[in-house]
Novice: 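Below: one structure in structure tokens.
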Amino acid sequence: MPYELMIGLRYLRAKRSEAFISLITMISIVGVMIGVMTLNIVLAVMTGFEEDLRDRILGFNPHIVLVSYAGTIANPDEVVQKVRDTPGVAAAAPLVYSQVMLSSGQSVSGVVVRGVPPDLEEAVVDLQAHLTSGSLAGLGAPFEVLIEGSDKDADKNGRPDTTTLTGVILGQELAKQLGLAIGDPVSVVSPLGTPSPVGPIPKVKRFALAGTFDSGMYDYDSGLLYMGLADAQKFFGLGNAITGVEIRVTDLYDAERVARRLEETLGTPFRARDWMEVNRNLFLAFKLEKVVYFIVLTLIVLVAAFNIVATLIMVVMEKRKDIAILKSMGATERSIARIFMLKGLIIGVVGTLLGVIGGYAGCWVLRRYQFVELPKDVFYVSTLPVRVYGENFAAVALVSVVICLLATIYPARQAAGLAPVEVIRYE
């Protein structure tokens with residue numbers, strides 16, 4: 001063992017007369033540990049929020065949406081085929097996208113309509129996996145619904161009067177708000193009314209609830225309605241036209257390149273928007289928050305580093321005689337400086353190692369027991385999501401050790417510059 005390291009380790013074990021220095025050393029180690037542990041836990045939670053939200057969004061939305069500046073796409077079969085033939089595209093399906101009002105009894109709610117072909121939707125967005133009741137086969141299928149006000153004596157056979165309505169799928173939160181169960185009728189009101197002598201009249205059509213879904217995101221569960229493509233085209237008066245094409249790509253992170261390739265292939269007036277572009281502001285906000293948290297929480301490590309500076313300065317003052325004797329025996333200034341730098345580095349490494357262990361333990365507890373509950377309508381999730389990555393822990397540990405090492409430079413230079421003649425003469 002180099003004698004500099006041996007002496008540095010000896011100085012960590014203070015004598016009874018130097019108990020205060022030993023206490024400050026322990027405080028420095030604990031300070032570094034708390035800073036590293038907090039930083040690791042916060043970064044793991046922020047990464048968890050980002051990835052969980054990304055997975056939820058992509059699990060319930062297409063990777064790319066192709067739209068036309070002209071408003072509608074009049075030749076959907078041709079466009080969809082060209083999209084499917086584009087390299088990087090795994091699946092594509094026509095889409096009708098609009099906004100309507102839903103009413104059931106005295107309850108009314110504004111929602112977004114997605115008109116999709118049931119046989120192709122599962123290839124682009126796995127809606128079936130998110131269903132909590134009903135089935136995807138019920139989308140656009142006929143349902144017999146009891147006519148309001150009818151009773152069993154309504155006909156000669158004693159059966160109630162019924163009517164046939166086509167099925168739609170709602171978010172479970174929206175179904176709760178409207179008080180709907182499977183098979184119940186719901187009225188869809190289009191804001192684009194039909195012309196009449198007295199002005200536009202809102203178009204109203206009744207559908208039956210065929211199923212409910214849970215996307216894990218309150219905004220979708222409370223404001224989204226799935227309708228069969230043919231029903232949506234008929235309801236909005238589009239004929240054979242569609243409003244867009246939803247696309248799933250083979251490589252999630254290649255979506256932007258595939259989107260640009262689609263625009264080049266189809267030309268004007270088509271516009272392809274990938275999932276990163278649609279949610280750019282959200283993910284940039286997450287990235288900025290992670291950077292800000294990293295900077296702010298690194299200040300905790302800086303505070304601990306100042307404790308290391310104070311500890312080493314006090315040790316230098318306490319060990320003036322030792323330094324003078326070492327220099328008299330031939331120790332160089334570099335060796336003296338290395339002794340105190342090694343002592344400070346040991347404090348930093350021990351504190352960092354304990355912080356990494358504590359951070360991992362804290363992340364494990366948060367992920368295992370999930371005792372922190374969050375309002376789902378605000379944070380999209382009900383508990384803290386935690387994602388542990390070794391590279392994040394390594395980056396935090398490296399920054400911590402570097403800060404602690406830099407904190408040792410000034411005290412080490414003070415020790416190295418000590419003149420042994422003055423110490424021997426006066427002390």
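The basis for the numbers below is simple: all heavy atoms, side chains too, and nothing from hydrogens, waters or symmetry mates. We're numbering straight along the sequence, starting at 1.
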Novice: Does the gap between the ring centers of F270 and Y69 come in under 6.0 Å?
Specialist: no
Novice: Is it the case that atom CD in Q106 sees more than 12 heavy atoms from other parts of the structure closer than 6.0 Å?
Specialist: no
Novice: Could you go step by step and tell me if R271 and L66 meet the side chain to side chain contact (heavy atoms under 4.5 Å, CB included) rule?
Specialist: CA-CA 6 Å; R271 172 81 168 94; L66 180 72; over 6 Å; no
Novice: Would E50 and R54 count as a salt bridge (charged side-chain N to carboxylate O under 4.0 Å, His left out) if you check the C-alpha gap in whole Å, the side-chain angles of each, and the deciding distance to 0.1 Å?
Specialist: CA-CA 6 Å; E50 181 180 0; R54 182 197 63 194; over 6 Å; no
Novice: Do the side chain of E263 and the main chain of A272 share a donor and acceptor less than 3.5 angstrom apart?
Specialist: yes
Novice: Please output the side-chain donor-acceptor pairs of residues 287-295 that fall under 3.5 Å, not counting sequence neighbours, one pair per line with the distance.
Specialist:
| unit_1 | atom_1 | unit_2 | atom_2 | d |
| --- | --- | --- | --- | --- |
| K290 | NZ | T47 | OG1 | 3.3 |

Novice: Please report the shortest heavy-atom distance between S135 and I169, naming the atom on each side.
Specialist: O-CD1, 4.0 Å
Novice: Does CD belonging to E51 count more than 12 external heavy atoms closer than 6.0 Å?
Specialist: yes
Novice: Measure up the F286 and F49 rings against each other and bin them: parallel (under 30°), tilted (30 to 60°), perpendicular (over 60°).
Specialist: parallel
Novice: Give a yes or no on whether R84 atom CZ has more than 12 heavy-atom contacts from other residues, nucleotides or ligands under 6.0 Å away.
Specialist: yes
Novice: Hydrogens and angles aside, do N61 and R114 bring a side-chain donor and acceptor to less than 3.5 Å of each other?
Specialist: yes
Novice: With the side chain counted from C-beta on, respond yes when V168 and Y226 share a heavy-atom pair under 4.5 Å apart, and no when they do not.
Specialist: no
Novice: Is it true that atom CZ of R260 has more than 12 heavy atoms of other residues, nucleotides or ligands lying nearer than 6.0 Å?
Specialist: yes
Novice: Looking at V36 and G355, what are the two nearest heavy atoms and their distance?
Specialist: CG1-C, 3.7 Å
Novice: If you measure only the distance, is there a donor-acceptor pair under 3.5 Å linking the side chains of D77 and Q81?
Specialist: no
Novice: Can you find a side-chain donor-acceptor pair between T25 and T311 that sits under 3.5 Å?
Specialist: no
Novice: Taking the side chain as C-beta and beyond, is there a heavy-atom pair between L224 and F213 under 4.5 Å?
Specialist: yes
Novice: If you apply the rule side-chain hydrogen bond (donor to acceptor under 3.5 Å, both in side chains), what do you find for T212 with S133, and how did you get there?
Specialist: CA-CA 5 Å; T212 59; S133 61; 2.6 Å; yes
Novice: Just jot down the side-chain contact (heavy atoms from CB on, under 4.5 Å) partners of M33, sequence neighbours excluded, or say none.
Specialist: V30, L354
Novice: Looking only at the side chains, is there a donor atom on one of D214 and T132 sitting less than 3.5 Å from an acceptor on the other?
Specialist: no
Novice: Might you point out which heavy atoms bring L229 and P117 nearest each other, and give the distance in Å?
Specialist: CB-N, 3.7 Å
Novice: If you define the side chain from C-beta out and look only at heavy atoms, does anything of L102 sit under 4.5 Å from L170?
Specialist: yes
Novice: Got more than 12 heavy atoms from elsewhere within 6.0 Å of CZ, R387?
Specialist: yes
Novice: What closest approach, in Å, do L139 and A210 show between heavy atoms, and which atom pair accounts for it?
Specialist: N-CB, 4.5 Å
Novice: Quick test of your reading: applying ring-ring contact (aromatic ring centres under 6.0 Å, His included), list the pairs with at least one residue in residues 82-120, sequence neighbours left out, ordered by first then second residue.
Specialist: none
Novice: For K234 and D231, what are the C-alpha separation, side-chain angles and deciding distance, and is it a salt bridge (charged side-chain N to carboxylate O under 4.0 Å, His left out)?
Specialist: CA-CA 5 Å; K234 184 177 179 180; D231 295 327; over 6 Å; no
